[in-house]
Structures are given as structure tokens and as C-alpha cells.
Amino acid sequence: MADVYSFGIILMETFTKMKPTDDMFVGEYTMRRWVFESFPNAITQIVDVDLMNAVERNDRAEESCFRSIMGLALECTADLPEERLVMKDVLTRLKKIKSEFC
């Protein structure tokens with residue numbers, strides 16, 4: 001289950017260009033909490049600007065794609081290990097996101 005948690009954090013890092021060790025994450029205010037508080041309505045506020053500019057789609061599809069990915073990341077990093085997805089399900093979800101948005 002730790003691998004799933006780590007994968008979720010890597011997804012967050014990849015799409016936000018932030019790290020869990022950045023200065024803004026102190027005490028109870030973690031990267032996961034930051035993403036969670038932005039999900040789902042303000043997700044484009046935290047996604048890396050360079051990444052958003054690189055995507056050549058309409059804004060709604062782009063936002064929906066990022067929302068799906070960050071939602072997956074949140075499910076991978078659930079507080080309780082038994083609430084986290086298994087990697088097989090993560091792969092299935094990633095393939096679905098890819099087919100829907102690519």
C-alpha cells in the first residue's frame with residue numbers, strides 16, 4: 001500500500017510542480033491537504049502553469065483531465081491504507097483517463 005501512497009504523491013508533484021517538503025507545507029498543512037482543499041472546483045489554481053499552457057485542448061476538457069488525475073492522486077493517498085486503491089485499479093483508472101482525454 002505504501003507504493004500506492006507514494007505514487008499518489010508523485011502524481012501531485014508532477015502536476016503541481018510542488019514537493020511535500022516545500023516551505024508552504026508546515027505541520028498539519030500538507031501537500032495532500034492543499035490538493036484536497038482545491039479539489040474539485042479550484043484544481044486549475046494549483047496545476048503547474050507550464051503544464052496547463054502545454055495542453056492544446058479546450059479549457060473544460062483540460063480542467064476535467066486534471067481533476068481526474070488529482071482525484072486519483074487523492075484516492076491513492078487516503079489517510080487509511082485500506083481506503084487506498086490497489087495499483088491494478090490505479091492502472092485501470094490511468095488508462096481510462098488517457099483514452100478519455102488523449
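Predicted model only: the values in this text are computed from it and were never measured.
Within the model, atoms CZ of R33 and OG of S38 stand 11.5 Å from one another, a figure rounded to the nearest 0.5 Å. Residue E13 holds its CD atom at 8.5 Å from CG of D22, rounded to the nearest 0.5 Å. Taken from CG in L72 to CG in L85, the straight-line distance is 6.5 Å, to the nearest 0.5 Å. With rounding to the nearest 0.5 Å, the separation of CD1 in I46 from CD in E37 is 10.0 Å. Considering CD1 of I69 and OG of S64, their distance stands at 10.0 Å, rounded to 0.5 Å.
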Fill in: Intermediate values then yes/no, side-chain contact (heavy atoms from CB on, under 4.5 Å), D79 and Y5
CA-CA 9 Å; D79 290 332; Y5 185 89; over 6 Å; no
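With respect to the salt-bridge test (charged N to carboxylate O, under 4.0 angstrom), the residues K96 and E100 do not qualify.
The hydrophobic clustering, which links ILVMFWY residues whose side-chain heavy atoms are closer than 4.5 Å, places I9 and M24 together. Residues M18 and F36 share a single hydrophobic cluster, defined by chaining ILVMFWY side chains whose heavy atoms lie under 4.5 Å apart. When hydrophobic clusters are built by joining Ile, Leu, Val, Met, Phe, Trp and Tyr residues whose side-chain heavy atoms come closer than 4.5 Å, directly or via intermediates, M12 is grouped together with M87.
Considering all non-hydrogen atoms of both residues, F7 and C76 come closest at CD2-SG, 4.4 Å. When every heavy atom of E83 is checked against every heavy atom of A78, the shortest pair comes out as CB-CB, 3.9 Å. For the pair I43 and F66, the tightest heavy-atom approach, listed with the atom from each and the gap, is CG1-O, 4.3 Å. In terms of heavy-atom proximity, T77 sits nearest to R32 at O-NE, 2.6 Å. Counting all heavy atoms, side chain and backbone alike, F15 lies closest to M70 at CB-SD, 4.1 Å. Minimum heavy-atom separation, V47 to L51: CG1-CD2, 4.3 Å.
Listed for the R84 side chain is no donor-acceptor partner under 3.5 Å among the backbone atoms of V4.
With ring centers used as reference points, Y29 lies 6.0 Å or more from W34.
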